[in-house]
Amino acid sequence: MLETTSKHEAAPSSLGMQKTQYDIAVEQFQRAADLMKLDENVQEILRKPRRILSINFPVKMDDGRILLYQGFRSQHNNALGPYKGGIRYHPNVTIEEVKALSMWMTWKCAVAGIPFGGAKGGVTVNPKLLSKHELERLSRTFFSLISEIVGPFRDIPAPDVYTDSQTMAWFMDEYSKVDRNNANAVVTGKPIIIGGSLGRDSATGKGVAVTVEEAARHLKIDLKKATCAIQGWGNVGSFAHMFLEEAGVKVVAVSDSKGGIHKKTGLWFNEVAAHKKKNTSLANLPSSENITNEELLELDVDILVPAALEDVITENNARSIKAKLVAEGANGPTTPEADDILFKKGVTLIPDILANSGGVSTSYLEWVQNLQHLWWTAEEVDHRLTAIMKKAFAEVWKTSQEQNVDMRTGAYVYAIGKVRDAMQIRGWV
Ligand code: NAD
């Protein structure tokens, strides 16, 4: 047994403190580890990230002021391949959040069957308050400082909340200077012109739709008669809407940070997109009623897709959820307490590490294209992504059925088993 006390420390909830995302990530891991009777040494290693780089760095503002920012890169585990995970810019970024997200990436890559480990990064900043030049300086400085631990075969970052293909272009350019090579495989989610993949933008929403279709087949839900509500009509939510509509699902409610809209006869993707473009928010779409984000979650629909924030389905509202199927587009939208309530109610929940793994799977396809200097068509990428998602779903479904557990625990058991096997065969334990 390794010399640590982590498993035996009192859980924050029992001390009356709010659980962090990392506490939740460890709790989810522990459920599966206990079920698997996972070797104690393996548990100790997997409960914590292998390495966390914490950086304080100055950025010169346009008006000449120097501001100090804090950023992190957490590398959780690389038994299955190089570390992989996004970098987010947000005022609420903390080391605890980045640690949790890096752990989830390890399981997500293992579930998807792609040869990556898990990492995540972030800078504590409100990017909306910075000019484009300030953002560029911040991005270049941060990336040059983490260059010592990233690389095309070490750790491959990607966009996350409030970072995008432009940020990746700056990252790639900065790393290429340090590496003295044109290293486009060091990040994914790049603009197409410098090696981005076709289909990356829509990949996560597409993956959500594929997992919903697979679940519906098993649960005998006729998608042509099914209704759906989507919380968060951003990248993931809007493309999930588009692909679910293509599959025949009637999307009756969608929302953004300012609230939601509900229309019993269905909200067409094109209608919502045109309205959002014109008004910048979703509210007040003609012939639909405005609803709150809380009301959206409790609508009488067959399918619910939380695709915005973490911790939105909790012990306070889980009993009021009416959907039969929940597909987690967002990372961490459901608390462990809510998981139990939904499972007891007979709700099938497709966990984030499966439902939203289409993004990282297409990042993998981008990386493969970069390393081989070849380009696939949108159809080729789509075909490969669909195959990855279907296989991942089948494996998680099988494990959950065999173990008689909810799909999150099933996904963890499947993912942890793969990481454990890789650690063992590499001689780590
Ligand atoms: P995004 O910024 O494009 O969209 C987020 C959406 O959520 C926006 O419509 C925003 O208005 C809405 N929103 C913000 N605050 C809200 C609130 N309080 N209530 C309701 N809606 C609110 O982000 P995204 O890329 O779509 O990511 C959404 C989630 O999916 C995040 O949890 C992210 O980590 C996860 N995710 C994204 C990807 C990806 O490829 N983009 C991949 C995996 C997981």
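Worth knowing before you read on, the calculation uses all heavy atoms, side chains too, and leaves out hydrogens, waters and symmetry mates.
With rounding to the nearest 0.5 Å, the separation of CG in L325 from CG in L223 is 8.5 Å. One finds the CG atom of N92 at 8.5 Å from the CD atom of E310 (value rounded to the nearest 0.5 Å). For the atom pair CE of M36 and OG1 of T399, the computed distance is 9.5 Å after rounding to the nearest 0.5 Å. Here CD1 of I350 is found 8.5 Å from CD1 of I303. Values are rounded to the nearest 0.5 Å. Rounded to the nearest 0.5 angstrom, L101 CG and I87 CD1 are separated by 12.5 Å. Distance CD1/I95 to OG/S102: 10.0 Å, rounded to 0.5 Å.
Contact check for Q403 versus K398: no side-chain heavy atoms found under the 4.5 Å cut-off. Proximity of V111 to C109: side-chain heavy atoms (C-beta onward) are nowhere separated by under 4.5 Å. With a 4.5 Å cut-off on side-chain heavy atoms, L267 and I261 count as touching. When side chains are defined from C-beta on, K206 counts as touching T386, because their heavy atoms get closer than 4.5 Å. Inter-residue side-chain proximity for Q70 and I55 is flagged as unmet; no heavy-atom pair is nearer than 4.5 Å. Contact check for R200 versus S363: side-chain heavy atoms found under the 4.5 Å cut-off. Taking the side chain as every heavy atom from C-beta outward, V208 and E328 never approach each other to under 4.5 Å. At a threshold of 4.5 Å between non-hydrogen side-chain atoms, the residues I341 and I321 do not count as touching.
Legend: residues meeting side chain to side chain contact (heavy atoms under 4.5 Å, CB included) with A79, ordered by chain and number and at least two apart, are N77, V419, A422, M423, W428. Residues that satisfy the salt bridge (Lys or Arg N to Asp or Glu O under 4.0 Å) test with K345, not counting sequence neighbours, are absent from this structure.
In terms of modelled atom types and a separation under 3.5 Å, the side chain of E366 and the main chain of K190 share a donor-acceptor contact. One N or O on the side chain of S400 and one on the backbone of V396 form a donor-acceptor pair closer than 3.5 Å. Judged by distance alone, with hydrogens and angles left aside, the side-chain atoms of N317 form a donor-acceptor pair with the main-chain N or O of V312 at under 3.5 Å. One N or O on the side chain of E271 and one on the backbone of W268 form a donor-acceptor pair closer than 3.5 Å. With hydrogens and angles disregarded, no donor-acceptor distance shorter than 3.5 Å links the side chain of T188 to the backbone of A158. The closest donor-acceptor contact from the side chain of H241 to the backbone of I230 lies at 3.5 Å or more, if one exists at all. Without hydrogens or angle criteria, K322 side chain to E298 main chain gives a donor-acceptor distance under 3.5 Å. S255 places a side-chain N or O within 3.5 Å of a backbone atom of G232 that can act as its donor or acceptor partner. Side-chain atoms of Q372 do not come within 3.5 Å of backbone N or O of Q369 as any donor-acceptor pair. In terms of modelled atom types and a separation under 3.5 Å, the side chain of E289 and the main chain of K263 share no donor-acceptor contact.
Close placement of the F171 and F143 rings is indicated, their centers lying within 6.0 Å of each other. Close placement of the H218 and F393 rings is indicated, their centers lying within 6.0 Å of each other. When ring centroids are compared, Y414 and W107 stay outside the 6.0 Å threshold.
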Problem set entry | CA sep, side-chain torsions, deciding dist, call: K391, E395, salt bridge (Lys or Arg N to Asp or Glu O under 4.0 Å) | CA-CA 6 Å; K391 177 161 190 312; E395 298 287 4; 3.0 Å; yes
For this session: I would like to know whether R47 and E44 meet side chain to side chain contact (heavy atoms under 4.5 Å, CB included); could you show each step before the answer?
Result: CA-CA 5 Å; R47 243 181 250 121; E44 288 289 348; 3.4 Å; yes
For this session: Dump the intermediate steps for side chain to side chain donor-acceptor pair (under 3.5 Å) on N290 and N284, then the final yes or no.
Result: CA-CA 6 Å; N290 289 338; N284 304 322; 2.6 Å; yes
For this session: Begin with the C-alpha distance, continue with both residues' side-chain angles, and end with the deciding distance and a verdict on side chain to side chain donor-acceptor pair (under 3.5 Å) for S176 and D173.
Result: CA-CA 5 Å; S176 295; D173 191 64; 5.7 Å; no
Exercise. Does the side chain to side chain donor-acceptor pair (under 3.5 Å) test come out yes or no for Y22 and E97, once each step is laid out?
Worked result: CA-CA 6 Å; Y22 180 62; E97 182 187 63; over 6 Å; no
Exercise. Step by step, would you call Q75 with R51 a side chain to side chain donor-acceptor pair (under 3.5 Å)?
Worked result: CA-CA 5 Å; Q75 297 177 328; R51 170 158 59 180; 3.0 Å; yes
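Checking E174 against S144 by side-chain atom types alone, no donor-acceptor pair falls below 3.5 Å. Judged purely by distance below 3.5 Å, without hydrogens or angles, the side chains of N356 and T204 never pair a donor atom with an acceptor atom. Between the side chains of E136 and Q166, no donor-acceptor pair of N or O atoms lies under 3.5 Å. Counting only N and O atoms by type, the side chains of Q231 and N293 include a donor and acceptor under 3.5 Å apart. Side chains of Y89 and T167: no donor on one and acceptor on the other come within 3.5 Å. Checked by atom type, the side-chain pair Q21/W104 shows no donor-acceptor distance below 3.5 Å. Of the N and O atoms on the side chains of T211 and K390, not one donor lies less than 3.5 Å from an acceptor on the other residue. Of the N and O atoms on the side chains of D39 and Q43, not one donor lies less than 3.5 Å from an acceptor on the other residue.
Residue pairs satisfying the salt bridge (charged side-chain N to carboxylate O under 4.0 Å, His left out) criterion with at least one member in residues 141-166, sequence neighbours excluded, are listed as follows: R73-D155, R88-D160, K120-D160.
Among the candidates D340, D406, D339, the single residue satisfying the salt bridge (Lys or Arg N to Asp or Glu O under 4.0 Å) test with R31 is D340. Screening D382, L385, I388 for a side-chain contact (heavy atoms from CB on, under 4.5 Å) involving T362 leaves a single residue, L385.
Shortest non-hydrogen contact noted between N370 and W375 is ND2-CZ3, 3.7 Å. L349 and R408 make their closest contact through CD2-NH2, 3.5 Å (heavy atoms, listed as atom of the first residue, atom of the second, distance). In terms of heavy atoms, A411 sits closest to P351 at CB-CG, 4.0 Å. In plain terms, the two heavy atoms of G151 and Y175 that are nearest each other are CA-OH, 3.4 Å. Nearest approach of A203 to G358, heavy atoms of both residues: CB-O, 3.5 Å. The nearest pair of heavy atoms linking S74 to I52 is OG-CG1, 4.1 Å.
A salt bridge is absent between K108 and D352; no separation between the charged side-chain nitrogens and carboxylate oxygens falls under 4.0 Å.
Other residues, nucleotides and ligands place more than 12 heavy atoms under 6.0 Å from the CZ atom of R426. By the neighbour-count criterion of 12 heavy atoms within 6.0 Å, atom CG of L129 is densely surrounded, having more than that number from other residues, nucleotides or ligands. Atom CD1 of I193 has 12 or fewer neighbouring heavy atoms from other residues, nucleotides or ligands inside a 6.0 Å radius.
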